[in-house]
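Take a look at the structure set out below.
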Amino acid sequence: MATNTQSLSLDLKSSEREVFDPVSLLERVSGDRELLRELVELFAQECPAMLSDIESAVKQGSSSSLQQASHKMKGSVLQFSAATAATMAGALEEMGKTGALSGSAQEYLRLRAEIASLVEGLKLMVSEDSAQ
Amino acid sequence: MQFDVQTQQVAPTPSTHQPKMMQVLLVEDNPVDARFVTGLLKSPAEELRCRQATRLAEALLLLETTRFDVVLLDLNLGDSTGFETFEAIHHAAPSAAILVLSGSDDEELAVRTVRDGAQDYLVKGSFDRRLLLRSIRYAYERNRTEEALRHSEGTVRAIFESSLDGIIIVNERGVCLEANSAAATLFGVSRQDLGGNNIRKFTEADFDKEWTQFRTMGSERGQFWVHREDGSRRLVDCCFSAGILPGQHLCVLRDITEQHSLEEQLRQSQKMEAVGRLAGGVAHDFNNILGIISGYAELMQLNSKDETLIDRAGKILSATQKASALAKRLLAFGRKQFLSPQLLDLTVVVREAESMVRCMMGASTRCVVQAGEGLGLVKTDQGQLEQVILNLAANARDAMPNGGTLTIRVENFKSSGGPLPVPAGEYVLLSVNDTGVGMDAETRSRMFEPFFTTKKTGSGLGLATVYGVVTQSGGTITVQSAPNEGSTFNIYLPVAVGDQAPAGPAVQDFSALQGHGTILLVDDDDGPREAVGGYLEGCGYTVLKARDGKEGIELSDSCNEKIEVVISDLVMPKVNGGGLLDHMGKTRPESRILIISGHADDAAVGHGIHLETTSFLQKPFKYQTLGAKIRGLINRPVTHH
């Protein structure tokens with residue numbers, strides 16, 4: 001299992017930027033790849049709705065909805081060791097909290113792209129896993 | 001349904017040291033996060049059952065019906081956010097260990113929830129399976145320990161609050177840090193007034209000695225006096241426990257004032273009993289000797305032709321009468337005096353004594369006598385009771401050299417027992433109060449002792465006599481007195497129920513003392529026996545003299561004459577008075593009996609002798625009285641047996 005983790009992280013390091021930390025993620029689930037696959041599928045399934053909640057909050061200019069929806073997204077991406085996505089969701093949450101929504105639409109677009117990369121990366125990780 | 005309650009059992013191997021399945025409630029609205037947590041909870045080492053709620057309302061509903069050991073709580077839910085979520089759950093499940101799982105690394109919120117009862121605050125993404133399971137386990141154990149502590153604290157608190165003994169916690173200087181209500185009652189202040197004050201504020205100087213002993217010698221038990229704001233004093237038995245917490249000591253306090261006072265009373269009455277026995281014994285022997293002296297003096301008076309001798313014998317007789325009166329007072333104190341109890345209305349007795357009391361008191365003292373009608377009757381000796389009133393009045397007079405008020409009052413008194421000085425029942429209360437100099441504690445403790453006096457010319461027998469008469473009448477005497485506050489003597493005499501007045505004393509006929517016939521005289525004391533014998537022979541009787549009951553029986557059995565009268569002492573060696581009289585009753589039922597003794601009727605009863613059917617003459621007696629008694633007996637039909 002240690003060998004698998006190492007080869008995986010080496011593979012992912014070859015990309016330009018690390019969207020999430022696969023080593024720490026695998027450690028978090030104690031190497032339970034079955035669970036990890038299930039979690040990735042669940043996340044892939046849930047995140048469009050989560051993103052949509054954030055988007056409509058931004059569009060409607062609803063601070064509290066933005067704070068709540070971004071917080072929820074932040075919690076999830078933190079579980080996947082996706083530091084960049086968590087920072088972005090955190091920034092949106094803070095905007096919601098303070099009510100300073102200018103730039104929130106832009107920030108949302110950045111988050112959406114980051115989440116897309118994250119989902120892609122996670123799927124890749126679990127598919128490589130199952131291939132092995 | 002917006003949420004999904006899952007029930008998962010995630011422990012294939014039962015653990016031996018985990019006998020109980022841990023019940024976990026996960027409250028999380030994000031399905032990804034929820035699955036993350038339930039996935040992590042899968043562990044062979046932990047035996048737990050996890051149920052899930054996605055909204056607060058659902059969680060509260062579950063908590064109503066199920067007891068959970070641990071709640072894993074996301075604070076931001078669809079229907080509640082932040083600290084309010086925690087508050088609602090903590091309120092609904094106060095005994096569950098709550099672990100907050102949050103997406104925010106919010107230090108302030110973390111501190112606040114933990115301070116208000118959460119066991120831990122975990123930030124999502126910062127924990128793995130091991131850390132989560134460990135946190136749950138620790139939270140669970142910590143919560144159980146806290147629960148046990150809360151339970152123990154609750155028990156201790158209940159004991160503290162409901163204890164009948166006072167409990168206080170004091171610091172090194174004796175300042176009261178905490179006190180229960182029993183302690184506040186004991187000190188006569190509120191709990192607030194007791195707290196923060198040094199206990200010395202409420203105690204007398206003896207507390208310091210106990211405190212020093214406790215702190216330096218490690219003494220664990222002590223007694224000291226508490227003085228209250230209302231002026232009363234309480235004696236406290238204290239049990240110390242040093243250092244129950246650093247610099248804090250526990251004192252358990254018990255009010256033993258009543259117990260102490262009862263012990264004092266018991267000690268006092270035991271002392272009086274002992275002194276009484278001694279006085280009675282001395283008086284008894286003294287009476288025997290007086291009997292011999294007066295006997296021979298009387299013989300001298302009767303037989304001598306020499307006027308000077310007759311005159312001197314008269315002086316001896318008058319001195320023996322004075323000595324006898326003294327001995328009689330001692331016997332009264334020792335409760336060995338022969339009383340003639342009658343049913344009396346104390347109003348009548350007090351009214352009769354009133355004129356003498358007024359004469360005795362003089363002009364500067366006001367006499368108030370309050371004696372109402374309808375008093376219960378008491379059974380006692382009228383003469384002795386008058387003596388009691390006169391003795392108390394004399395003391396009152398001496399206590400009021402510059403005048404004052406003497407109040408004598410009689411009234412019915414009903415006791416319900418308890419703290420009252422007499423057992424429950426009906427009494428007549430005779431109280432004698434003066435406004436004089438009063439007595440201090442030392443005097444009060446010794447005043448009933450014979451020969452104890454505070455007067456220059458006092459005999460020390462006045463109050464001793466009072467005590468003897470009252471106790472012999474079945475009554476109780478109490479005294480209230482303090483220096484310069486006068487004195488009140490309260491005498492409680494039990495009301496006699498269904499009793500008839502005893503027959504009055506026999507009329508004595510001194511006209512014809514001469515007689516004839518045989519008299520058996522039994523007395524182990526040689527002096528009195530010879531003197532009495534000599535007198536009776538002088539009167540014309542034939543006297544058979546025996547040294548004890550056995551000799552008396554032998555003399556009686558060998559005598560062919562009719563024995564008119566048997567005169568016998570009570571306490572004798574070999575066969576005593578009772579045994580002799582028994583024998584006489586069987587062999588010579590026609591003989592009259594006369595008991596002579598230095599003791600009173602209770603002694604006779606103790607020897608199984610019926611006073612109703614037997615004549616009694618208390619030593620010392622005048623021979624003329626003896627002669628009259630014998631004449632009376634011979635002329636009276638035999639009543640005994």
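Below, chain A is the first sequence line, B the second, and so on; all start at residue 1.
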With a 4.5 angstrom heavy-atom cut-off, could you sort out which part of [X] is near chain B: side chain, backbone, both or neither?
X      : answer
E27(A) : backbone
S81(A) : neither
E38(A) : side chain
Q45(A) : neither

For atom [atom1] of [X], decide whether the heavy atoms of other residues, nucleotides or ligands shown that lie under 6.0 angstrom number more than 12.
X       : atom1 : result
E87(B)  : CD    : yes
E161(B) : CD    : yes
R142(B) : CZ    : yes
R150(B) : CZ    : yes

Answer yes or no: is there a side-chain heavy-atom contact under 4.5 Å between [X] and [Y]?
X      : Y       : result
L40(B) : V29(A)  : yes
H71(A) : S104(B) : yes
L35(A) : R35(B)  : yes
M73(A) : N30(B)  : no

So, does R28(A) use its side chain to make a donor-acceptor pair with the main chain of R129(B) at under 3.5 Å?
->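 No.
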Work out which heavy atom in V32(B) is nearest to a heavy atom in S76(A); give both atom names and the distance.
->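 The pair with the smallest heavy-atom distance is CB-OG, 4.0 Å.
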With a 4.5 angstrom heavy-atom cut-off, could you sort out which part of L77(B) is near chain A: side chain, backbone, both or neither?
->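 Backbone only.
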Spacing of L78(A) atom CG and F127(B) atom CZ [to the nearest 0.5 Å] =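 That separation rounds to 10.0 Å.
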Could K72(A) and D33(B) be called an ion pair, given the rule that one side-chain N must be under 4.0 Å from one carboxylate O?
->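 No salt bridge links K72(A) with D33(B).
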Among E93(A), M50(A), K74(A), which has the most heavy-atom pairs under 4.5 Å with chain B?
->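 Answer, by heavy-atom pair count under 4.5 Å with chain B: K74(A).
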Between S24(A), G75(A), A86(A), the one whose heavy-atom pairs under 4.5 Å with chain B are most numerous |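 Between S24(A), G75(A), A86(A), the count favours G75(A).
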